[in-house]
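Here is the structure we will look at.
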Amino acid sequence: MKTIDELLSEGVAGKRVFVRADLNVPLADGVITDDGRIRAVLPTVKALAEAGARVVVASHLGRPKGAPDPAFSLAPAAARLGELLGTDVAFATDTVGESATSTVAGLADGSVAVIENLRFNAGETSKDDAERGAFADRLAELADAYVGDGFGAVHRKHASVFDLPARLPKYAGYLIATEVGVLKKLTEDVKRPYVVALGGSKVSDKLAVIDQLLGKADRLLIGGGMVFTFLKAKGYEVGASLLQEDQIPVVQEYIERAKKNGVELVLPVDVLTSTEFPDLKTKAPANPNTVAADAIPADQLGLDIGPESRKLYASKLADAATVFWNGPMGVFEHPDYAEGTKAVAQALIDSPAFTVVGGGDSAAAVRILGFDETAFGHISTGGGASLEYLEGKTLPGLAALED
């Protein structure tokens, strides 16, 4: 896999360089609420621009249905990129049409443009190879070289991620090189004890990675909505908590395999509950109850790990040499149910281990809850991509960058 440094050594002045970034930032009424993914691509964009390249940045945002939708425009992301770069960034109002063509043609050496949301074109996400390829052909007309730096999308077989690199000289950007290097530390010659903390809402989203980790990790800490399927699998009452009953047999098998493999499986001993889901808009006080994890009242749902569980989880992270964390421990968006996620984040900061926050909601929680990002070993920009890498899957976007 060639890297951006090799491209820079070849000389990029005057060349049009297509950077497939991940600018898929969360928006609230058109305002970016977390610009972490934009900041993550800055080193690549800056290096190219400073070397005199004409930089064409492209990304998806959200899930528009293959047609323009103002709610998913990349215009706010382009504006924020310009602010962070300290320079004007041109914005094309389409992907491969007249605006994109003229905007790229108008770039001067060292300048940057962002084209509109790639998913406004059905060819980007099409399962039809020919349709995807046709879109990639048109994107290729905008550039002389390709730099893949959208780690959050490398697990997708999309035109700009998989097909376009085959049509241009291709290189990995700084972000992708960093992400892959970190993930290798979690899969090759891992320093032990290796502890993994998994949360999030659905256990079905994490089954494949748990399956792999049962043969690799020394300890698994489970939280979030997915934990109630584990508690039910142990025969506990979980009340009205989120539950995937169809996954109980699989989880029971995993519990037995953990025992057999000597993997310590840590579940909460107490949880915070309520009779209703909290109001995340008003953040009105929820007045949660603290109950034993094996005795959740029938009319209540679990929304976070409890105080004793927070102490337990922190103690289980204290002696780790390597930690991977993916998924919040509770409904961290509400202050009454954020303490479990805060406890895990703080335990990672306090630990001498190499700590990796696995993207997605975990990365958002770190920023929203006010933690210093530099206190962690690495914060990934791609939750789904990180998990699939740990599952041992071939990621299309990485395969496409290989020589």
Side-chain angles (χ1 to χ4, degrees), residues 195-207 209-210 219-252 254-255 258 264-317 325-348 358 360-362 364-366 368-369 383:
V195 183
V196 177
L198 294 176
S201 58
K202 294 183 178 179
V203 69
S204 56
D205 293 341
K206 306 285 169 67
L207 287 178
V209 75
I210 293 172
R219 192 177 296 150
L220 285 177
L221 280 55
I222 308 294
M226 63 184 282
V227 78
F228 300 105
T229 303
F230 277 83
L231 295 175
K232 189 70 172 181
K234 289 177 69 69
Y236 298 165
E237 174 56 59
V238 298
S241 304
L242 183 65
L243 177 65
Q244 289 186 282
E245 289 200 53
D246 60 322
Q247 303 298 334
I248 289 176
V250 180
V251 170
Q252 288 174 328
Y254 284 177
I255 292 172
E264 185 180 3
L265 183 63
V266 184
L267 301 176
V269 294
D270 60 350
V271 295
L272 299 186
T273 67
S274 177
T275 55
E276 58 186 7
F277 197 83
D279 189 326
L280 301 184
K281 287 188 176 181
T282 66
K283 303 290 196 296
N287 302 314
N289 303 306
T290 302
V291 303
D294 61 354
I296 299 174
D299 66 337
Q300 299 194 19
L301 63 158
L303 296 163
D304 194 11
I305 60 173
E308 293 304 314
S309 300
R310 297 197 290 268
K311 295 176 188 175
L312 173 65
Y313 283 30
S315 72
K316 296 296 183 180
L317 290 162
W325 171 34
N326 181 281
M329 295 293 107
V331 186
F332 74 91
E333 299 92 341
H334 192 285
D336 287 345
Y337 301 107
E339 294 304 317
T341 301
K342 284 183 181 178
V344 169
Q346 188 62 53
L348 264 66
D361 287 340
S362 308
V366 164
I368 291 170
L369 297 176

- request: Could you tell me which non-hydrogen atom of Asn326 sits nearest to which non-hydrogen atom of Gly358, and how far apart they are?
  value: ND2-O, 2.7 Å
Test item: [X] side-chain N/O and [Y] main-chain N/O as donor-acceptor pair under 3.5 Å:
| X | Y | result |
| --- | --- | --- |
| Tyr313 | Gly340 | no |
| Ser241 | Phe228 | no |
| His334 | Ala284 | yes |
| Asp361 | Gly327 | no |
| Lys232 | Glu237 | no |
| Thr341 | Met329 | yes |

field: Pairs involving residues 333-342, ordered by first then second residue, that meet salt bridge (Lys or Arg N to Asp or Glu O under 4.0 Å) (sequence neighbours left out)
entry: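 As it turns out, the salt bridge (Lys or Arg N to Asp or Glu O under 4.0 Å) pairs with a partner in residues 333-342, which skip direct neighbours, are Glu339-Lys342.
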query: So, Ser204 versus Gln244: side-chain donor-acceptor pair below 3.5 Å or not?
result: yes
In Å, rounded to the nearest 0.5 Å, how long is the span from [atom1] of [X] to [atom2] of [Y]?
| X | Y | atom1 | atom2 | value |
| --- | --- | --- | --- | --- |
| Leu303 | Tyr337 | CG | OH | 5.0 Å |
| Trp325 | Leu348 | CH2 | CG | 7.0 Å |
| Leu207 | Lys202 | CG | NZ | 12.0 Å |
| Leu221 | Ile305 | CG | CD1 | 8.0 Å |
| Ser309 | Ile222 | OG | CD1 | 13.0 Å |

Is the closest side-chain heavy-atom distance between [X] and [Y] below 4.5 Å?
| X | Y | value |
| --- | --- | --- |
| Val266 | Leu220 | no |
| Ser201 | Leu242 | yes |
| Val331 | Asp304 | no |
| Phe332 | Val344 | no |

query: Mind checking what makes salt bridge (charged side-chain N to carboxylate O under 4.0 Å, His left out) contact with Lys316, not counting sequence neighbours?
result: Glu264
How would you list, by chain and number, every residue that makes a side-chain contact (heavy atoms from CB on, under 4.5 Å) with [X], sequence neighbours excluded?
| X | result |
| --- | --- |
| Tyr236 | Leu231, Lys234, Asp294 |
| Ala240 | Leu301 |
| Glu308 | Val269, Asp270, Lys311 |

task: Could you note down all residue pairs passing side-chain hydrogen bond (donor to acceptor under 3.5 Å, both in side chains) where residues 272-293 supplies at least one of them, sequence neighbours left out?
output: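 Of all non-adjacent pairs touching residues 272-293, those that pass side-chain hydrogen bond (donor to acceptor under 3.5 Å, both in side chains) are Thr273-Gln300, Asp279-Thr282, Asn289-Gln300.
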